[in-house]
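Heads up, the thing below is written out as structure tokens.
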There are 2 protein chains.
Amino acid sequence: MSVTLNSSEWNLVYNVFSFGLVSMLACTIYTLVSQSRVLPKYRNALVMSSMVTFIAGYHYWRIFNSFGEASEGMAVNVSGEQGAFNEAYRYVDWLLTVPLLLVEVIAVLALAKEVSRSLITRLVPASAAMIALGYPGEISSDQNTQVLYGVLSTIPFLYILYILFVELGKSLERQPAGVAETVGRLRLLLIATWGVYPIAYIFNIVGDESASSFVAVQVGYTIADVLAKCVFGLTILKIARMKSHAEGMAADH
Amino acid sequence: MSVTLNSSEWNLVYNVFSFGLVSMLACTIYTLVSQSRVLPKYRNALVMSSMVTFIAGYHYWRIFNSFGEASEGMAVNVSGEQGAFNEAYRYVDWLLTVPLLLVEVIAVLALAKEVSRSLITRLVPASAAMIALGYPGEISSDQNTQVLYGVLSTIPFLYILYILFVELGKSLERQPAGVAETVGRLRLLLIATWGVYPIAYIFNIVGDESASSFVAVQVGYTIADVLAKCVFGLTILKIARMKSHAEGMAADH
């Protein structure tokens, strides 16, 4: 089983993967080096952001190589056998990075200990369940199985949205000026980018196995990943700096 | 001699190895960057944790490559000859990391110098003996040899448990609040994860050389390694932070 791309499609996917890879690595270095620009209590959130982009960078490196090795004459082997393009790297990536992204948001808010713990102990299992339930649907070629796991994985997703928009909302009132708005934008970024994943998933179910749907899914995933990890991480840095300044760190630091 | 996997088995092992590799690397960076979050006296324990996950990350990179190179059409060469899947990477890894893990536990407790020295000079040779005695059994194909070395390697293992649960227990009473409980959980984590290795070893002796037993052993080893090294290291960081705060480090640092 293979998907044959034309040269502009093949090069687009190849270059988009390379773009994703270097964006993740650059963002990792940026957040690592920016540690000293925020108060110590916010550095853990920043390190988690570095971990997220590092893990994603590793996976884009693997995905990039896998794409090259699985292609012959721009026909991409998607058979799922040894030497095929390995889509599962994305699931391993999300299994690690999605819980980390959520913990990052809680950590940067520096809420009271019990509040943080309660949010984290619900967000982390919910996000792991969301990813783990999506995987059997992704690798299955049976449409009923795909729909079943798509629906199952939506349940923890809705629960995460409930926690972020309802429960977390209550804690935002006590944040310094500007922080609540930025966290609001962070949540919108999260919804907008996470929305790409179920769309790509549905695309896989209803889509013919055409070159253009392969290209759309890969390009869509990559752009969503760069937004959800790099831009997300830079927003975390911005929030950490706003809070550090509100708590007395010199504004020119 | 080879083991032929089906495509979902082959991909599971492949992706689990990649998961192990990136978990070890991310954990290495996390513990390296967190140095400044604990008092200087606890940083040595933390560096040792970084070394453990770095060494394990190196070996998972080798194991991942070895698995790909030893596979042809998803038949894994396990002949033990050049080009075969090299299980011995695990033993080299354990020979280095298991003594380090034990020293790490002692170092983070910051016990009196004589107590530390006495525990370390018994734990390190015992753990090296445990790994070294397991190796001849692992590479042998003779069942009597496998049982003999399995039993021999259990003796230092039991001695290590005795030291950790009886001797170390006496030193835990003088630790700050919460530390004794966390060390207790650390020991349980150690028992639960180290328990996987002898189970996998017995699996090798009694198991047929089937695909499913190969998959179970590789997946089991990897999950045990991630728990015994990454989760273990993060628990060491947690203990170091609890002790640093108990000794006057600012709580928001």
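Note: hydrogens, waters and symmetry copies are ignored here, and every other heavy atom, side chains too, is used. Every chain is numbered from 1 and lettered A, B, ... according to where its sequence line falls, protein lines coming before strand lines.
The shortest distance between side-chain heavy atoms of A:Ser50 and B:Val33 does not fall below 4.5 Å. Side-chain atoms of A:Asn44 and B:Tyr30, non-hydrogen and from C-beta on, do get closer than 4.5 Å to each other.
For the atom pair A:Met51 CE and B:Ser23 OG, the distance stands at 12.0 Å (nearest 0.5 Å). In this structure, the separation between CG on B:Leu21 and OH on A:Tyr58 is 4.0 Å, given to the nearest 0.5 Å. In this structure, the separation between CG on A:Asp93 and CZ on B:Phe19 is 12.0 Å, given to the nearest 0.5 Å. Put simply, CZ on A:Phe54 and CG on B:Leu25 are 4.5 Å apart, with the number rounded to the nearest 0.5 Å. Here B:Leu32 contributes atom CG and A:Leu32 contributes atom CG; the two are 10.5 Å apart, rounded to the nearest 0.5 Å. Taking OG1 of A:Thr28 as the reference point, atom CD1 of B:Ile29 lies at 7.5 Å (rounded to 0.5 Å).
For A:Tyr149, the OH atom counts as loosely surrounded, since its 6.0 Å shell holds 12 or fewer non-hydrogen atoms of other residues, nucleotides or ligands. In A:Trp194, the CH2 atom is crowded: over 12 heavy atoms of neighbouring residues, nucleotides or ligands sit closer than 6.0 Å. For B:Glu247, the CD atom counts as densely surrounded, since its 6.0 Å shell holds more than 12 non-hydrogen atoms of other residues, nucleotides or ligands. In A:Tyr14, the OH atom is not crowded: 12 or fewer heavy atoms of neighbouring residues, nucleotides or ligands sit closer than 6.0 Å.
Residue contact with chain B, scored on non-hydrogen atoms closer than 4.5 Å, involves the backbone and the side chain of A:Ile55 alike. Heavy-atom distances place no part of B:Phe67 under 4.5 Å from chain A, backbone and side chain included. For chain A, the nearby part of B:Asn11 is the side chain; its heavy atoms alone come within less than 4.5 Å. Heavy atoms closer than 4.5 Å to chain B are found in both the backbone and the side chain of A:Tyr89.
A:His59 approaches B:Ser18 most closely through the heavy-atom pair NE2-OG, 4.2 Å. Closest approach of A:Gly80 to B:Ser7, counting heavy atoms only: O-CB, 3.6 Å. The heavy-atom pair separating A:Gln82 from B:Ser71 by the smallest distance is NE2-O, 2.9 Å.
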Report the C-alpha distance between A:Arg43 and B:Arg37 in whole Å, list the side-chain angles of each, state the deciding distance to 0.1 Å, and finish with yes or no for side chain to side chain contact (heavy atoms under 4.5 Å, CB included).
CA-CA 9 Å; A:Arg43 289 181 192 162; B:Arg37 298 177 67 217; 5.5 Å; no
